[in-house]
2 protein chains.
Amino acid sequence: MTQHKADLLQGTLDMLILKALSLGPLHGYGVISRIRQMSGEMLDVEQGSLYPALYRIEQRGWVNSKWEVSETGRRAKFYTLTRAGRRQLDEEEAGWDRLVLAIAKMRQAT
Amino acid sequence: MTQHKADLLQGTLDMLILKALSLGPLHGYGVISRIRQMSGEMLDVEQGSLYPALYRIEQRGWVNSKWEVSETGRRAKFYTLTRAGRRQLDEEEAGWDRLVLAIAKMRQAT
DNA sequence: CTACCATGCCTAATCATTCTAGGTATCATC
DNA sequence: GATGATACCTAGAATGATTAGGCATGGTAG
């Protein structure tokens with residue numbers, strides 16, 4: 001029962017979504033697979049987490065959405081990172097780095 | 001305006017508390033300062049987060065508590081890591097490492 | 001002696017975010 | 001005709017952290 005999947009922590013999902021969209025516009029369903037692929041199959045976002053998160057993120061102006069047609073010919077809502085979303089991603093990445101550093105310090109502490 | 005404090009993420013607090021107690025028994029109030037010190041002043045746990053967390057953690061059998069007298073001569077509840085708590089800490093650290101790795105992969109992904 | 005600050009504990013209410021567990025519809029494949 | 005993949009969505013529960021208090025003791029500054 002080797003555990004290779006990593007559980008998400010509350011607060012990281014927005015960063016992951018923004019990161020996925022930083023590689024280019026994508027529809028919601030695709031964001032899930034892109035995150036899975038980018039993370040080397042380690043991260044798995046549930047639909048029930050994703051769609052509400054996308055809604056939140058759009059409300060905050062970090063992405064725009066537009067109905068288009070996907071690669072498979074189906075209707076799909078494509079999300080594009082805005083300039084504010086790019087800034088937000090940078091901030092979240094910086095915050096993540098601070099936390100990782102702080103916890104690394106905890107680890108070494110005697 | 002350099003930002004050096006790191007914000008906690010939901011789910012990391014238990015690990016921090018267990019880690020602090022892995023250096024030896026301590027009362028609640030002291031856990032806060034030990035975490036601050038171990039993290040190089042980067043992590044600051046609020047009392048309103050700490051005490052409920054300690055309660056949870058004790059319910060789960062990860063720590064024992066005993067009323068004793070602190071260095072300053074006051075009554076204080078001292079928490080000691082149990083064997084199960086040690087195991088839990090190991091698991092949470094492993095889980096943290098997986099998440100950090102997964103997000104690092106996301107970062108490199110093109 | 002009184003005010004304040006540090007030490008030490010605790011709780012209630014709120015908030016934010018994620019997960020569970022559904023539901024809908026289309027299209028391809030078996 | 002059933003199943004599975006693609007694609008969207010929501011309601012409700014659970015989790016956990018924060019805010020904003022409260023209480024008590026003891027030391028120190030004024």
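What you see is a predicted model; the values in this text were computed from it and never measured. The chains referred to below are lettered A, B, ... by the order of the sequence lines, with proteins before strands, and numbering in each begins at 1.
- The side chain of Ser49(A) has dC19(C) as its nearest neighbour among dC8(D), dC10(C), dC19(C).
- Here the CG atom belonging to Leu23(B) is positioned 4.0 Å from the CE atom belonging to Met38(B), to the nearest 0.5 angstrom.
- At the phosphate of dA7(D), OP1 or OP2 sits under 4.0 Å from a side-chain N or O atom of Thr72(A).
- Side-chain proximity of Tyr29(A) to dA5(D), dT17(C), dC10(C): nearest is dA5(D).
- Distances were taken from every side-chain heavy atom of Gln10(B) (C-beta onward) to each of dC8(D), dT18(C), dG16(D); the shortest belongs to dG16(D).
- Considering only the side chain of Leu13(B), dA17(D) comes nearest among dC9(C), dC19(C), dA17(D).
- When each of Leu9(B) and His27(A) is assigned the nucleotide of DNA chain D with its nearest heavy atom, His27(A) is the one assigned upstream, toward the 5' end.
- If you take CG of Leu26(B) and C1' of dG8(C), they are 12 Å apart, rounded to a whole angstrom.
- Note: Phe78(A) and His27(A) have perpendicular aromatic rings, judged against thresholds of 30 and 60 degrees for the angle between ring planes.
- In this structure, Glu71(B) atom CD and dA6(C) atom P are separated by 17 Å, rounded to whole Å.
- Checking dC10(C), dA7(D), dA6(C) against the side-chain heavy atoms of Arg74(B) singles out dA6(C) as nearest.
- Of the two residues near DNA chain C, Gly48(A) and Ala76(B), the one whose nearest nucleotide lies more 5' is Ala76(B).
- For the pair Arg75(B) and dT7(C), the criterion of a side-chain N or O lying under 4.0 Å from OP1 or OP2 is not met.
- Of the candidates dC10(C), dT26(C), dG16(D), dC10(C) carries the atom nearest the Trp67(B) side chain, counting heavy atoms from C-beta on.
- Comparing dT18(D), dT17(C), dG16(D) against the side chain of Arg60(B) picks out dG16(D) as the nearest.
- Minimum interatomic distance between Glu46(B) and Ile32(B) (heavy atoms only, all atoms of both residues): C-CD1, 4.4 Å.
- In this structure, OG in Ser33(B) is found 7.0 Å from CG in Leu26(B), a value given to the nearest 0.5 Å.
- The distance between atom OH of Tyr51(B) and atom P of dT7(C), rounded to the nearest whole Å, is 11 Å.
- Looking at heavy-atom distances under 4.0 Å, Gly11(A) makes contact with sugar-phosphate atoms alone, never a base.
- Between the CD1 atom of Ile17(B) and the C1' atom of dA17(D) there is a distance of 11 Å, rounded to whole Å.
- Rounded to an integer number of Å, the gap from Arg56(B) CZ to dT11(C) P is 13 Å.
- In this entry the distance linking CZ of Arg34(A) with C1' of dA7(D) reads 16 Å, nearest Å.
- Contacts of Gly73(B) with the nucleic acid, taken as non-hydrogen atoms under 4.0 Å apart, are absent.
- Side-chain atoms of Gln47(A) lie closest to dC9(D) of the nucleotides dA6(C), dC9(D), dC9(C).
- One interatomic measurement links the two molecules: CG of Asp7(B) to P of dA16(C), which rounds to 15 Å at whole-angstrom precision.
- Backbone-only engagement by Gly28(B) is indicated by non-hydrogen atom pairs under 4.0 Å involving sugar-phosphate atoms exclusively.
- Ionic pairing of Glu92(A) and Lys19(A) is not present here: no N-O contact between side-chain nitrogen and carboxylate oxygen is shorter than 4.0 angstrom.
- Atom pair Glu92(B):CD and dG16(D):C1' shows a separation of 13 Å (rounding to whole Å applied).
- In the set dT17(C), dT18(D), dC19(C), the nucleotide with an atom closest to the side chain of Glu46(B) is dT18(D).
- With rounding to the nearest 0.5 angstrom, the OG1 atom of Thr82(B) is 9.5 Å from the CD atom of Gln88(B).
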